[in-house]
Number of protein chains: 2
Amino acid sequence: MTTQRRERAPRQADVARLAGVSQSAVSRVIGGDPEAAARIPEDTRRRILEAVKELGYVPNLSARKLRNKTNRLLGVHTFEPVFPHARESFYFEFLLGIEERAEEIGYDLVLFTSTGASDGRRRVYRDGTNRLNVADGTVLLGVATDKADLARLWQEGYPFIHIGRRDVPGAADIPCIVPDYFGITGDIAGRLAALGHQHVAYLREDLELEPYEDRRRGYADAVERLGLIDRSPGFRGVPGLDDAWLDQLAGGPETAVVSESERLAESLLRGLRARGRDVPADVSVVVLEGIGPDASLRWEHLDIPRKEIGRIAIDALVAIVDDPDARNESIVVPCSIVDGVTTAPARP
Amino acid sequence: MTTQRRERAPRQADVARLAGVSQSAVSRVIGGDPEAAARIPEDTRRRILEAVKELGYVPNLSARKLRNKTNRLLGVHTFEPVFPHARESFYFEFLLGIEERAEEIGYDLVLFTSTGASDGRRRVYRDGTNRLNVADGTVLLGVATDKADLARLWQEGYPFIHIGRRDVPGAADIPCIVPDYFGITGDIAGRLAALGHQHVAYLREDLELEPYEDRRRGYADAVERLGLIDRSPGFRGVPGLDDAWLDQLAGGPETAVVSESERLAESLLRGLRARGRDVPADVSVVVLEGIGPDASLRWEHLDIPRKEIGRIAIDALVAIVDDPDARNESIVVPCSIVDGVTTAPARP
DNA sequence: TTGAAAGCGATACCAC
DNA sequence: GTGGTATCGCTTTCAA
């Protein structure tokens, strides 16, 4: 059996005609507004529902959105393509939480992919069109965040939330989900201090993003508070790790290092071993970043609750969509430390 | 500096007022229709563009969709949640291709997540609403495809394409992207025959999905055509692998086995080894499925070009959206065989 | 209780 | 060239 295709999708008007009522009656029954629906006699209601079924009527969501300014669509805009990197779990865990929570509360997700430039980066605005407008609100994430876009979105009053802290000139506090790097790096320094480490060092990436600033401030704050001593270049703002400093480190009083990345930690490890020192026997190391599957050691490291952050982002976004005044509130999410084999009490 | 939020998004009417022209003029300039835009004096055009910039006007996509019936949004509906399984590369590679191609041709993707039932399955229709309607068309995928949903979608004339062949009662041929299992299983049988295998066996999963039917037909077809002999239960429609048959296999004339899954192949391997026989020395094995990372052997197996299929799905979908008459055409995509270490010439 | 009618924002036809 | 205006499908007053 082959059913013939219908030429045109049925509208409320068609349903109304078939049921012998007015279009508004149909709207009231369909719309599900309990208030309005309740005032409709059981009989009329049934006739309408029957007509709906017979015609296979389904509401047109664009029309609804046009009227209601809302369509239960939440956007996800990543400043880089999602899936190629998803595996590496940078985006992946966030998306897991985002999808999970969106499903729970009955929203669909729009993945904004159309805005890709040739350089692989994605912008919100392209030839004057803000595609994000199809969705009620959007979760933004990515490392290559375009601040001009953020500022403009904020300026337009478009509901959005950014995963990761960003300071945007021209906008007040934009709503972000902020992993508590400040707090956790303080805790890490505290943990090292508790292990007896007095002389510590900091390895710094060559990145000036806000999340790194938070880590650096948290660390610096704790160093001062705990009376630790750090003479490392990284602590003074110099990125990277060179031989000169490795030499000093191998021969100096430092017994613990905090590294902004696994990459730096790995070269530190090689450098130290080449100089006859080891981790954690001589130097304890904590890494401020998730650890890949082929790390040479089980680094003690910072853990970002990405999935949880994804879920929180959706809730925060919905709150902003429902009440635009909520949009100035950023949310700080606690991080944790994953134990590894790279810390030990300070050698005396 | 803090910019104040705008209370209402600007419309074309606002732009028109500011530029001192009519709304239609604005539409013509904005809409980008080269035809209409060309007929507008450079001067007017400039004034309009200036007003647009000044107000930060962006077109309302819902209104456009309402008018144009198109909004450059393509849906992705999976009958199960995507991300939890994405890693296992079942959905993942498809999505990679889908995202990639959508980005290339300037479409955004709607991930339909709102339709989840409590059992983890997702349906298209929930309380009479077909959410898919927000998108111009939708790619459907998943193992737990709901055929009633497919039939209804087809009946409604909604543009969609299904990844994987599905036969739907009540609809003519629904548009699918069909991996050529029929052809490739034939090739596999041919390859075994070329290696001298005469007596072959087939291991069958307990699944009655169309893709499995295709594999089975392709295999059966080739067995007959090539004059091979298969007395296995799997070939006669009995799923699984039991000791009785393993005993027969270990002592019988069979020198090659085609297995529908890695799982069955692994138990076959264990069973054979327990009986003093090995792969491929005594028995060659080809697996009709992607192989996980922790397979005990590099199985020779069927490879589905998932990413490519994702890309093709998007192109096919766009074709259907552009021309609804294209929707009866399914597309067959060739598969390939990945060499492994599990086949060898038949022992004499 | 029910229906008529005014928009939501953008497009395109048809006069001027 | 330019500007009215009907229309897309739905929601929501406002009257009847």
Side-chain angles (χ1 to χ4, degrees), chain A residues 6-48 51-52 55-72 128-131 133-134 136 156, chain B residues 7-17 19-48 51-52 55-72 128-131 133-134 136 156:
Chain A
R6 220 191 1 244
E7 68 307 323
R8 180 175 67 65
R11 302 166 305 205
Q12 284 190 349
D14 302 319
V15 176
R17 204 170 309 119
L18 182 61
V21 296
S22 82
Q23 195 193 132
S24 7
V26 178
S27 175
R28 283 191 271 253
V29 171
I30 301 299
D33 177 7
E35 189 93 14
R39 328 179 69 74
I40 286 188
E42 195 43 40
D43 180 49
T44 322
R45 173 193 199 63
R46 198 182 32 69
R47 290 221 316 288
I48 293 178
V52 164
L55 293 175
Y57 165 82
V58 291
N60 177 318
L61 295 182
S62 297
R64 271 200 178 154
K65 161 102 181 168
L66 188 55
R67 268 301 302 207
N68 298 342
K69 275 105 173 58
T70 172
N71 62 179
R72 295 190 85 77
T129 316
N130 168 8
R131 296 271 312 158
N133 269 318
V134 255
D136 293 345
E156 279 179 8
Chain B
E7 66 306 320
R8 179 175 65 67
R11 302 168 303 208
Q12 284 189 351
D14 302 320
V15 176
R17 205 170 308 122
V21 296
S22 82
Q23 199 191 125
S24 1
V26 178
S27 175
R28 284 193 271 254
V29 171
I30 300 301
D33 177 7
E35 187 91 15
R39 326 176 70 74
I40 286 189
E42 195 41 40
D43 179 49
T44 320
R45 173 195 199 60
R46 199 183 32 69
R47 292 222 313 289
I48 293 178
V52 163
L55 292 175
Y57 165 84
V58 292
N60 178 321
L61 295 181
S62 298
R64 274 201 177 154
K65 161 103 182 164
L66 186 56
R67 268 302 305 206
N68 297 343
K69 274 104 175 68
T70 173
N71 60 181
R72 295 190 86 74
T129 315
N130 168 6
R131 293 274 310 162
N133 269 316
V134 257
D136 293 344
E156 279 179 9

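In what follows, chains carry the letters A, B, and so on, assigned in the order in which the sequence lines appear, proteins first and then strands, with residues in each chain numbered from 1.
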Can you tell me how far apart [atom1] ([X]) and [atom2] ([Y]) are? Round to the nearest 0.5 Å.
X: A:Arg11; Y: A:Arg17; atom1: CZ; atom2: CZ; answer: 7.0 Å
X: A:Leu66; Y: B:Leu61; atom1: CG; atom2: CG; answer: 11.5 Å
X: B:Arg47; Y: B:Glu42; atom1: CZ; atom2: CD; answer: 12.0 Å

Presence of [X] side-chain N/O under 4.0 Å of [N] phosphate oxygens OP1/OP2:
X: A:Gln23; N: D:dG9; result: no
X: A:Lys69; N: C:dG9; result: yes
X: A:Ser24; N: D:dT11; result: no
X: A:Arg64; N: D:dT11; result: yes

Whole-Å distance between [N] [atom2] and [X] [atom1]?
X: A:Arg11; N: D:dT11; atom1: CZ; atom2: P; result: 14 Å
X: B:Arg47; N: D:dG1; atom1: CZ; atom2: P; result: 15 Å
X: A:Ile48; N: C:dT1; atom1: CD1; atom2: P; result: 14 Å
X: A:Asn71; N: C:dC8; atom1: CG; atom2: P; result: 18 Å
X: A:Asp43; N: C:dT1; atom1: CG; atom2: P; result: 13 Å
X: B:Arg17; N: D:dG4; atom1: CZ; atom2: P; result: 13 Å
X: A:Arg28; N: C:dT2; atom1: CZ; atom2: C1'; result: 6 Å
X: A:Asn60; N: D:dT7; atom1: CG; atom2: P; result: 18 Å

Between [Y] and [X], is there a side-chain heavy-atom distance shorter than 4.5 Å?
X: B:Asn71; Y: B:Arg64; value: no
X: A:Val58; Y: B:Glu156; value: yes
X: B:Asn133; Y: A:Asn60; value: no
X: B:Asp136; Y: B:Lys65; value: yes

Is any N or O donor-acceptor pair between the side chain of B:Arg67 and the base of D:dG9 shorter than 3.5 Å? no
Using a heavy-atom cut-off of under 4.0 Å over every strand shown, decide if B:Thr44 touches base, sugar-phosphate, or nothing. sugar-phosphate
Counting the atoms with a prime plus P, OP1 and OP2 as sugar-phosphate, which does B:Val21 contact under 4.0 Å by heavy atoms, base, sugar-phosphate, or nothing? sugar-phosphate
Winner on side-chain proximity to B:Leu66, out of C:dA10, D:dG4, C:dG9, is C:dG9
Angle of first-five versus last-five pair axes in the helix from C:dT1-D:dA16 to C:dC16-D:dG1, to 10 degrees: 50°
